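All remarks here apply to the structure that follows.
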Amino acid sequence: MTMLAIVHAMPTREKAASAESTRFDGLSDALLDWYSAHARDLPWRIGPAQRAKGIPADPYRVWLAEIMLQQTTVPHAARYFEAFTRRWPTVVDLADAADADVMAAWAGLGYYARARNLLKCAREVVERGDWPRTETGLRELPGIGAYTAGAVAALAFNQRAPAVDGNVDRVFARLLAAKGEWKAEKAVIASLVRDLVPADRPAEFAEALMDLGATICTPKRPNCLICPVRSWCAAQAEGEPERYPIKPARKAKPLRRGDVYVVLRSGDVMTQTRPQNGLLGGMLGLPTSDWLEDGTPEKPDWLPDSARPIGEVRHVFTHFELQLSVFRLTSGTVPGNPGWTPVDDAEKALPSVFRKALKLAF
DNA sequence: AAGGCGGGGGG
DNA sequence: CCCCCAGCCTT
């Protein structure tokens, strides 16, 4: 039977993957060679030397790091990783933690649904007795999507799973010089990377691809001169690697305005835990007016007519920008049953927008 | 399929 | 100022 006949007999999807895999023959080996000398030393990783000695990764630390790193830079996540693992060294410790303690510890890291799902996930793992060890098993846990399931399966359990994050998308957008609609190109890349994962070293392959994207195939000014996979790169051949990936334009962020009230009473500040769902869900907050794109937000009844803002803070959220007028008030005028938090604690437990307001009041 | 959901650092 | 980053979930 001729080679052509064999290929012809294969199902269409395998034929396509086979063709792409052939185009990248040798890439995995070149990448792994580079990685053995240039791996980043990160607190949640075991290094190539340790892995070679058979030292296993800690699934708890791998998982915690991957959750923190979702849409978050390494230096920012690293500070929180150190604090979390010092305070809660195991998944059992984390599962036993009080919700408010975990939310406060996450304050400033953003995307607070991650912290709510973190606790849910830890408690599910403790309930079931251990971590799922496969990509599909991990994918069922709260807060674990396609990327994180593949990353934990590969990094913690050395399963043959792909970990396709923004770095890997960018690397392969350039290798392929992907010019199509970005959504479709990402699907092509996901399928291709799955086929390229070497059976014997999936963890190192995942880490190597991410390190390449983070240190060489960077968003701006990629360092193609020292790139170990340069000879496979269509974008480099074209001469404008920075042109890729080609993503859709993003929408402008509207500006919303409102008031925030820093109400002080003998070392405490008035606080309220925000609703579990929605913006800053489950986090400690300061009282505010509504936030409106048009018009003037209504003042609360208890706010004295004479009250004047002491300044303004601006903050950029994912889909809008916020400008808040900051009022500084002393107790005695506020009805109802507000919560009060020592100012020193509030400084640490509040998300960034409210930290800015609190800081302005001192 | 599209939109909600943080925050910070780099060019 | 702009850009984007180790994404996930809901509707």
Side-chain angles (χ1 to χ4, degrees), chain A residues 40 42-45 61-81 103 106-118 120-121 138-156 161-171 173 181-184 186-187 190 193 203 206-215 217-222 242-254 256 274-283 285 313-322 350-356:
Chain A
R40 284 179 296 174
L42 299 172
W44 44 85
R45 273 192 189 175
R61 292 167 65 88
V62 171
W63 161 75
L64 178 62
E66 292 304 332
I67 301 296
M68 287 182 168
L69 287 161
Q70 290 166 3
Q71 298 287 282
T72 306
T73 54
V74 164
H76 195 201
R79 290 193 289 276
Y80 286 81
F81 180 84
M103 299 311 289
W106 199 273
L109 197 52
Y111 286 133
Y112 298 99
R114 290 187 296 174
R116 302 193 299 271
N117 285 329
L118 189 81
K120 281 187 205 163
C121 184
L138 289 159
R139 183 68 179 78
E140 300 303 311
L141 292 169
I144 298 188
Y147 162 73
T148 306
V152 174
L155 301 177
V164 184
D165 67 346
N167 280 317
V168 179
D169 274 332
R170 181 175 60 256
V171 168
E181 189 209 357
W182 181 232
K183 194 114 183 177
K186 284 210 295 185
V193 175
E207 289 175 351
L209 272 182
M210 291 191 273
D211 283 13
L212 185 74
T215 64
C217 196
T218 47
K220 304 294 179 191
R221 300 178 54 82
E242 198 171 322
R243 177 182 166 204
Y244 301 94
I246 303 170
K247 298 183 179 182
R250 34 186 89 206
K251 293 202 301 188
K253 293 178 200 265
R256 297 184 191 172
R274 297 175 61 84
Q276 287 300 308
N277 298 318
L279 190 77
L280 309 177
M283 296 299 291
V313 294
R314 296 178 74 90
H315 192 76
V316 181
F317 290 100
T318 309
H319 58 295
F320 67 93
E321 183 172 352
L322 181 63
L350 289 169
S352 293
V353 62
F354 295 126
R355 283 186 195 174
K356 291 179 185 174

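So that the names make sense, note that chain A is the first sequence line, chain B the second, and so on, each numbered from 1. Treat the numbers as computed from the prediction; the structure is a model and nothing was measured.
- Side chain of R61(A) to backbone of R45(A): no donor-acceptor contact under 3.5 angstrom is found.
- Distance NZ (K186(A)) to C1' (dC5(C)): 12 Å, rounded to an integer number of Å.
- Across all strands, L155(A) comes closer than 4.0 Å to no nucleic acid atom at all (heavy-atom distances).
- R256(A) and E321(A) are not joined by a salt bridge, as no carboxylate oxygen comes within less than 4.0 angstrom of a charged side-chain nitrogen.
- Taking atom P on both nucleotides, dG11(B) is separated from dA6(C) by 14 Å, rounded to a whole Å.
- The side chain of H315(A) places no N or O atom within less than 4.0 Å of a non-bridging phosphate oxygen (OP1 or OP2) of dG6(B).
- Residue contacts shown for W106(A) are absent, as no nucleic acid heavy atom lies under 4.0 Å away.
- Under 4.0 Å is where a charged nitrogen must lie from a carboxylate oxygen, and between R221(A) and E242(A) no such pair does.
- Close to dG7(C), at under 4.0 Å from its OP1 or OP2, lies no side-chain N or O of Q70(A).
- The shortest side-chain heavy-atom distance between W44(A) and V62(A) does not fall under the 4.5 Å cut-off.
- Regarding F81(A), its CZ atom lies at a distance of 17 Å from the P atom of dA6(C), rounded to whole Å.
- Atom NZ of K247(A) is separated from atom P of dC4(C) by 6 Å (rounded to the nearest Å).
- Here the options are V168(A), V171(A), D169(A), the test is side-chain contact (heavy atoms from CB on, under 4.5 Å), and the partner is V193(A); only V168(A) passes.
- Remark: the E66(A) side chain and the Y147(A) side chain contain an N/O donor-acceptor pair separated by less than 3.5 Å.
- Put simply, CD on E242(A) is 11 Å from P on dC4(C), counting in whole angstrom units.
- Under the 3.5 Å distance criterion, the side-chain polar atoms of R170(A) are matched with a main-chain donor or acceptor of G213(A).
- Here dA6(C) is the nucleotide among dA6(C), dG7(C), dG7(B) with the atom lying nearest to any side-chain atom of D165(A).
- Position along DNA chain B of the nearest nucleotide to K183(A) versus G108(A) favours K183(A) as the more 5'-ward residue.
- Atom NE2 in H76(A) sits about 15 Å away from atom C1' in dC4(C), given to the nearest Å.
- Between the side chain of R116(A) and the backbone N or O of G281(A), at least one donor-acceptor pair lies under 3.5 Å.
- Residues F81(A) and R79(A) are not in side-chain contact: their nearest non-hydrogen atoms beyond the backbone lie 4.5 Å or more apart.
- Remark: P of dC8(C) and NZ of K120(A) are 15 Å apart, rounded to the nearest angstrom.
- Residues from residues 141-154 of chain A lying near DNA chain B, meaning a heavy-atom separation below 4.0 Å, are absent.
- With the nearest nucleotide of DNA chain B identified for both L350(A) and K220(A), L350(A) has the one nearer the 5' end.
- As a whole-Å value, the separation of R114(A) CZ from dT10(C) C1' is 18 Å.
- At least one donor-acceptor pair closer than 3.5 Å links the side chain of W106(A) to the backbone N or O of G110(A).
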Would you list the protein and nucleotides 3-5 of chain B atom pairs, both N or O, that sit under 3.5 Å from each other?
unit_1 : atom_1 : unit_2  : atom_2 : d
dC5(B) : OP1    : L279(A) : N      : 3.3
dC5(B) : OP2    : H319(A) : NE2    : 2.7

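- Positionally, the nearest nucleotide of DNA chain C for L69(A) lies more toward the 5' end than for the other of L69(A) and N117(A).
- At dC5(C), one or more side-chain N or O atoms of R170(A) fall inside 4.0 Å of OP1 or OP2 (strictly under the cut-off).
- Atom OG1 of T72(A) sits about 5.0 Å away from atom CG of L109(A), to the nearest 0.5 Å.
- Using atom P as the reference point in both dG8(B) and dC9(C), the two lie 24 Å apart (nearest Å).
- With a cut-off of 3.5 Å on both pairing distances, the Watson-Crick and G-U wobble pairs of DNA chain B assemble into stems of 3 or more at B:1-5 with C:7-11, B:7-11 with C:1-5.
- Between dG6(B) and dT11(C), the distance separating the two P atoms is 15 Å to the nearest Å.
- K253(A) is not listed as a side-chain neighbour of H319(A), based on a closest heavy-atom distance of 4.5 Å or more.
- Looking at Y80(A), its side chain does come within 3.5 Å of a backbone N or O of A107(A) through a donor-acceptor pair.
- Side-chain atoms of R250(A) and base atoms of dA2(B) include no donor and acceptor less than 3.5 Å apart.
- At whole-Å resolution of the value, NZ in K253(A) and C1' in dC3(C) are 11 Å apart.
- Within 4.0 Å of T72(A), counting heavy atoms only, lies at least one base atom of the nucleic acid.
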